[in-house]
Protein chains: 2
Amino acid sequence: MSQKRTTPLEAPSIRKHQCTVDIRLEKLGMVPFFWNLDREILQPINNEFSASHFHAGQPIYYEGEKATMLRVVVYGAVKLIRQTEEGKEIMVDMLKPGEYFGNLNELGDDTYSETATAQSDACIMSIGNREFRSLLNMYPSIAVAVLDVTTKKLNSARQQIHHLTTLSVKKRIAHILKELCGKFGEESKVGMLLQLPLSRKDLADLAGTSTETASRVMSRFQQDGLITSGRQWVAITDINALSEVVSSN
Amino acid sequence: MSQKRTTPLEAPSIRKHQCTVDIRLEKLGMVPFFWNLDREILQPINNEFSASHFHAGQPIYYEGEKATMLRVVVYGAVKLIRQTEEGKEIMVDMLKPGEYFGNLNELGDDTYSETATAQSDACIMSIGNREFRSLLNMYPSIAVAVLDVTTKKLNSARQQIHHLTTLSVKKRIAHILKELCGKFGEESKVGMLLQLPLSRKDLADLAGTSTETASRVMSRFQQDGLITSGRQWVAITDINALSEVVSSN
DNA sequence: CGGTCTGTTGAAGGATTTCAACACTCGTGG
DNA sequence: CCACGAGTGTTGAAATCCTTCAACAGACCG
């Protein structure tokens, strides 16, 4: 039985981050939207965006607000949260650099359907919907790239629905751990460490279950040697065994 | 207590449907992708598509097959089905004219993630992924239109996830009935009749529950006068009451 | 008019939630 | 540097929602 230890996560604000124009340009080129674009095209696009810094825990926008901006994570992690009717907060997604959030559509009466908060210190680039739409019309390759990213998100949302309707909690959590491992996993002494603060509540939200059930499942996984975990952190030690959990009996 | 009656659904094959070139052109212009396009542009686009007819129940493609085509429903209804690991079939979506399905992405090693079958007699237009990608690059406005449709689907998928993780079966079914009413509802003597064959199994699949539970919930709704229903058909008689069910205590 | 598919309902069993109490970790301030 | 307190994680037991199994009833098809 593996005992818990103090968090192995890197303190996110240790890495100093400065959004100079050059770094912004470089980051922008790394965003899937803007792959394959020449620097001469990237430059005017860059000018349309404005960058903002957020401290860990700071809100970026609120659910229900008028949705006027499209945003891209440049640095740090962003958490998307929805409210239930009873006012409980449910985490619905965790974003890492390169991912977009906010509102893509031309502004009408749309409002944000979730609250976004900086999970760690973060740098976010923003552009107005209208301005982004002109970019799309001006550079078809951007429109196609955005479509591809959106289609991928749609497919993964559909898979998640399928899992919610057909798999047990145990299998859903195993699958979510695998996904998070691919997205946030980094090699470390304790196995593939998920480089983000991740509580039992967060996992429970993603799996559509209660904190207690998530805790029980995680305890079991730890007993069986599939993971190592402590307060707000999880490391995967046996990803093949996790896969087996998902596809077993 | 309202008694069941024989189906009030229109037999789908009664309306005779002929896909002449002119009708194809007209239908194509009605697809959200191709709104706002001039007839001169529509003509060459039309030539890239080929139309096929399917009889009710006939499969269009199978889950796992190499995904080479993008398709659009011109006439009729299409049912998308996924398999569970144990081989049970789960209906995941019902499409009506104007909606797209199949694969949007450039063909790589992608396979269809669901099986598509014609729910009624149907006319489907198809285009190869590669050809569709050239259209996107050639006409940016199409790319933007496709992006908008996809974004809407994504938002609705996310809402569905939120419901699956936070609402009871009763509320989920009430919400699904409302959605279907907006999509397939037509005025009739028995109330807003959902113009498609819809079994308890179908509803159960959409709500992520069992046929029996769906049946119990529907019986209750019928008792309470919210719906009228029989074998493979449902009519909503009190949509406000359904809304209240979703948002109540 | 019989057979098959779909829908209904009851009862038992199971998975998950909820309530509750306690343990552990981490940051903060003495 | 240590101790405290708040937040987070764990675990047990009772309650609940839902599934599963089973039997039967009603609707549609030929």
Side-chain angles (χ1 to χ4, degrees), chain A residues 1-13 56-57 84 86 88-91 163-174 196-205 207-223 227-235 245 249, chain B residues 1-13 56-57 84 86 88-91 163-173 196-205 207-223 227-235 249:
Chain A
M1 195 148 337
S2 41
Q3 73 283 12
K4 316 297 157 41
R5 316 179 206 173
T6 60
T7 182
L9 294 180
E10 296 174 34
S13 41
T84 64
E86 307 98 52
K88 284 193 293 183
E89 303 199 324
I90 304 288
M91 204 254 296
H163 285 169
L164 283 166
T165 56
T166 61
L167 299 185
S168 65
V169 169
K170 190 176 163 192
K171 291 186 177 196
R172 297 207 298 269
I173 290 186
L196 80 167
L198 184 73
S199 67
R200 295 295 183 262
K201 169 83 168 65
D202 292 335
L203 271 171
D205 287 352
T209 187
S210 66
T211 317
E212 294 92 334
T213 299
S215 178
R216 280 182 245 269
V217 170
M218 294 292 280
S219 294
R220 189 61 192 283
F221 283 167
Q222 179 135 305
Q223 267 180 46
I227 63 168
T228 312
S229 167
R231 186 194 171 91
Q232 306 254 50
W233 64 270
V234 180
V245 168
N249 54 49
Chain B
M1 194 145 337
S2 40
Q3 72 285 12
K4 316 299 156 42
R5 317 177 207 174
T6 60
T7 182
L9 294 180
E10 295 175 34
S13 41
T84 64
E86 307 98 52
K88 285 193 294 184
E89 303 198 324
I90 304 287
M91 202 253 297
H163 285 169
L164 283 167
T165 57
T166 61
L167 299 184
S168 65
V169 169
K170 189 175 162 192
K171 291 186 178 197
R172 296 209 298 270
I173 291 184
L196 80 167
L198 184 73
S199 67
R200 295 295 183 264
K201 170 81 168 64
D202 293 334
L203 270 170
D205 286 352
T209 187
S210 66
T211 316
E212 293 93 335
T213 299
S215 178
R216 280 182 245 269
V217 170
M218 294 292 280
S219 295
R220 188 61 191 282
F221 284 167
Q222 180 135 307
Q223 266 180 48
I227 62 168
T228 312
S229 169
R231 186 194 170 93
Q232 305 256 47
W233 64 271
V234 180
N249 53 49

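Being a predicted model, the structure only gives us computed values, none of them experimental. Sequence lines set the chain letters: A, B, ... in the order given, protein chains first and strands last, and positions in each chain run from 1.
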How long is the line joining [atom1] of [X] and [atom2] of [N], in whole Å?
X	N	atom1	atom2	answer
Glu86(B)	dT20(D)	CD	C1'	14 Å
Met91(B)	dT6(C)	CE	P	13 Å
Met218(A)	dT10(D)	CE	C1'	13 Å
Arg220(B)	dT8(C)	CZ	C1'	15 Å
Leu164(B)	dC18(D)	CG	P	12 Å
Arg200(B)	dA27(D)	CZ	C1'	13 Å
Leu167(A)	dT16(C)	CG	C1'	15 Å
Lys201(A)	dA6(D)	NZ	P	21 Å

Touch class at under 4.0 angstrom, heavy-atom based, for Ser199(B) against every strand present: sugar-phosphate
Sugar-phosphate only, base, or nothing, as touched by Thr211(B) at under 4.0 Å among non-hydrogen atoms: nothing
Distance (rounded to the nearest 0.5 Å) between Ile173(A) CD1 and Ile227(A) CD1: 9.5 Å
Nearest-0.5 Å distance, OG1 of residue Thr211(B) to CG of residue Asp205(B): 7.0 Å
Shortest side-chain distance from [X], nucleotide among [options]:
X	options	value
Ser219(B)	dT9(C), dC18(D), dT16(C)	dT9(C)
Thr209(B)	dC18(D), dT18(C), dT16(C)	dC18(D)
Glu212(B)	dT20(D), dG9(D), dT16(C)	dT20(D)
Arg216(B)	dG10(C), dC18(D), dT8(D)	dG10(C)
Thr213(B)	dT19(D), dT6(C), dC24(C)	dT19(D)
Arg231(A)	dA11(C), dC18(D), dG9(D)	dG9(D)

Check: Gln222(B) and Met218(B) side chains under 4.5 Å, non-hydrogen atoms: no
Any side-chain heavy-atom pair of Leu198(B) and Leu203(B) under 4.5 Å: yes
Phosphate-side-chain proximity, Ser215(B) and dT8(C), N/O vs OP1/OP2 below 4.0 Å: yes
Verdict with supporting geometry, Arg200(B) and Ser219(B), side chain to side chain donor-acceptor pair (under 3.5 Å): CA-CA 11 Å; Arg200(B) 295 295 183 264; Ser219(B) 295; over 6 Å; no
